[in-house]
Amino acid sequence: AVVSTQSTGILMVFVRGTLLNIICLLRFSPGQFTRFKNHHHLTRYFSMVNNDNSQVDPQPSMSAKKMIGDTGFHFAESGEFLDESNNKFSFAISDNHRENQARYEKIGDAVTDHIYKLMEENHKLERIRVPIGVKSSKLASFVFASFDFLQSKKKKLVLINGSGAVKAGQWARSIIINDNLYPGSMLPYLTWAENNNFDALVLNTNESGSRFQGSADPFEHAQTVWDNFLSSIPEKCVYIVAHSFGGVVVQKLIQNNSNFEDIVSKIAFTDSVHMGRLGSETTPSINWVTSSKPVNTRLGGGGASSKRSAGCRDHPWTSHFAMDSIFSWFMEDNIDLVEDNNVSESISMEKADIAETSEEQMGLTEPSTQTEPMSQTKPEATAEPSSQCEPETQTELMSQSEPGTQTEIMSQSQTGRQTGNRREIGPR
């Protein structure tokens, strides 16, 4: 009787899963269906955070909802941004575009503060003014760093976002608001760092301007952070992840600091927009770029620098889709690269993509208003990091959290690259 009951239970699970897949195939485009299937990865993320295998209720009770400021929205435990009735965010609530945009910006500011709070309370990072020693917060930008960052002998994970409205802890604000907190933020990267004995340093390159001492622009901000936090780190102890325009920031750091190659072990770019030679001849780097090829497919490059597919064709999602591959590479695991005999074809395709890139995607400008929705070679082995770095504790690599339906603003031209329909959203 026990065996019969177990068999019946297994059969029911199989039938339910089959029916769910059929429903999803009918409802979603292929790209959206892939993202929907990835939903179960969120459970693994939460089990990592909570150190248990408990299931997470995606619809918390009203008493469990913590509203984000006075926005009327909260983040469900699943990461979705929902109102009091558990409806997802909608950009257009009136016919007045200016009012919609102002509301979006207000919500964006509240979300930024909330992510700051999560980094401080959940991930135990400290908010530190830069340059170190500046007394007035009105004169200083700030970063988030692990406690005792400078004295600790752990390896260092350094995270740098792109340009625009995104602040420290965010890859893409529109993904956070329209889809899910986790694929749009750096929180999964911070969880991985904690579980693998890395310190973390989160730059805030867009918290810059002429009034900030040492952070007049993203480049000066990064240089100030380098001088204050990274220039004295032991050899080969720093691992960098830089998205979009963050790659240009890293390129500038390489050019301006002769000790960069001594300190930095590896650089992971996610659809970086840097041009020309990176400047480093010895520091291994991989740029996970937008591509329809399976994630981690080789797309060219040579020497210390190479290019691979991020596994998606949407620029703002690359940090999420490439996440596991980046973690594996940082931990020097063997990655089964997808062999591609049509490398030249892939490279030509990516060059065409680059030609389509608009000024906004290149990080040169940031759209101020809402736009209408549209109807590698494997790097050579490198020496082990210096023994001055405390060896990491290997844990199971975190899987991707559910990205949901793609919603990044079309500030970049992506004709012929989009799958599925976009909702109307605000800027990054």
Side chains of [X] and [Y]: closer than 4.5 Å at any heavy-atom pair?
{"X": "Phe89", "Y": "Asp83", "result": "no"}
{"X": "Ser328", "Y": "Ser325", "result": "no"}
{"X": "Lys155", "Y": "Asn196", "result": "no"}
{"X": "Lys124", "Y": "Ser146", "result": "no"}
{"X": "Phe245", "Y": "Ile160", "result": "no"}
{"X": "Pro131", "Y": "Gln213", "result": "yes"}
{"X": "Met119", "Y": "Leu187", "result": "yes"}
{"X": "Thr290", "Y": "Thr318", "result": "yes"}

For [Y], does its backbone N or O pair with a side-chain atom of [X] as donor and acceptor, under 3.5 Å?
{"X": "Thr224", "Y": "Gly214", "answer": "yes"}
{"X": "Thr297", "Y": "Pro294", "answer": "yes"}
{"X": "Asn180", "Y": "Tyr182", "answer": "yes"}
{"X": "Lys88", "Y": "Phe81", "answer": "no"}
{"X": "Asn206", "Y": "Gly162", "answer": "yes"}
{"X": "Asn161", "Y": "Lys167", "answer": "yes"}

Between [X] and [Y], do the side chains contain an N or O donor and an N or O acceptor separated by less than 3.5 Å?
{"X": "Glu194", "Y": "His123", "answer": "yes"}
{"X": "Asn257", "Y": "Gln223", "answer": "yes"}
{"X": "Gln170", "Y": "Thr112", "answer": "yes"}
{"X": "Thr270", "Y": "Ser319", "answer": "yes"}

How many angstroms lie between atom [atom1] of [X] and atom [atom2] of [Y], to the nearest 0.5 angstrom?
{"X": "Ser291", "Y": "Asn296", "atom1": "OG", "atom2": "CG", "result": "11.5 Å"}
{"X": "Leu125", "Y": "Leu118", "atom1": "CG", "atom2": "CG", "result": "11.0 Å"}
{"X": "Leu181", "Y": "Glu77", "atom1": "CG", "atom2": "CD", "result": "12.0 Å"}
{"X": "Gln251", "Y": "Phe219", "atom1": "CD", "atom2": "CZ", "result": "8.5 Å"}
{"X": "Tyr116", "Y": "Glu121", "atom1": "OH", "atom2": "CD", "result": "15.0 Å"}
{"X": "Met67", "Y": "His74", "atom1": "CE", "atom2": "NE2", "result": "5.5 Å"}

Residues Leu299, Lys293; criterion side chain to side chain contact (heavy atoms under 4.5 Å, CB included); working and verdict:
CA-CA 9 Å; Leu299 297 177; Lys293 302 292 183 181; 4.1 Å; yes
Go through Asn204 and Phe142 one step at a time and tell me if the side chain to side chain contact (heavy atoms under 4.5 Å, CB included) criterion holds.
CA-CA 7 Å; Asn204 208 4; Phe142 56 90; 3.4 Å; yes
Pick one: which of Ser305, Ser244, Ser285 meets side-chain contact (heavy atoms from CB on, under 4.5 Å) with Phe269?
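When Ser305, Ser244, Ser285 are each tested with Phe269, the side-chain contact (heavy atoms from CB on, under 4.5 Å) holds only for Ser285.
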Option passing side-chain contact (heavy atoms from CB on, under 4.5 Å) with Val143 (candidates Leu201, Asn228, Ile132)
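Answer after filtering Leu201, Asn228, Ile132: Leu201.
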Asp199 and Ser152: CA distance, side-chain angles, deciding distance, side chain to side chain donor-acceptor pair (under 3.5 Å) verdict
CA-CA 8 Å; Asp199 284 331; Ser152 168; 2.8 Å; yes
Is the Phe327 ring parallel, tilted or perpendicular to the Tyr189 ring (thresholds 30°, 60°)?
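Phe327 and Tyr189: perpendicular rings.
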Please work out whether the ring planes of Trp192 and Phe330 are parallel, tilted or perpendicular, with thresholds of 30° and 60°.
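Trp192 vs Phe330 ring planes: tilted.
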Is the gap between the ring centers of His320 and His243 under 6.0 Å?
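No - the distance between ring centres of His320 and His243 does not fall below the 6.0 Å cut-off.
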Do Phe260 and Trp226 have their ring centres less than 6.0 Å from each other?
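Aromatic pair counts; centres sit under 6.0 Å.
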How far apart are the C-alpha atoms of Lys252 and Asn256, what are their side-chain angles, what is the distance that settles it, and do they pass the side chain to side chain contact (heavy atoms under 4.5 Å, CB included) test?
CA-CA 6 Å; Lys252 197 74 171 180; Asn256 292 341; 3.6 Å; yes
Give me the atom names and distance for the closest heavy-atom approach of [X] to [Y].
{"X": "Trp288", "Y": "Ala268", "answer": "CZ3-CB, 3.7 Å"}
{"X": "Ala193", "Y": "Leu157", "answer": "CB-CD2, 3.8 Å"}
{"X": "Met323", "Y": "Pro188", "answer": "SD-CB, 3.7 Å"}
{"X": "Ser265", "Y": "Pro284", "answer": "O-CD, 3.2 Å"}
{"X": "Asn259", "Y": "Ser231", "answer": "ND2-O, 3.4 Å"}
{"X": "Ser272", "Y": "Gly247", "answer": "OG-CA, 3.1 Å"}

Do Arg127 and Phe144 form a cation-pi contact, if we require the NZ or CZ to be under 6.0 Å from the six-membered ring centre and within 45 degrees of the ring's axis?
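The answer is no; the distance or angle limit is not met.
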Report yes or no: is the cationic atom of Lys156 (NZ for Lys, CZ for Arg) under 6.0 Å from the centre of the six-membered ring of Phe149, at an angle within 45° of the ring normal?
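Verdict for Phe149: a cation-pi partner in Lys156.
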Give the intermediate values and the outcome of side chain to side chain contact (heavy atoms under 4.5 Å, CB included) for residues Phe229 and Val158.
CA-CA 10 Å; Phe229 290 88; Val158 179; over 6 Å; no
Under a 4.0 Å N-O cut-off, is there an ion pair linking Glu105 with Arg173?
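A salt bridge links Glu105 with Arg173.
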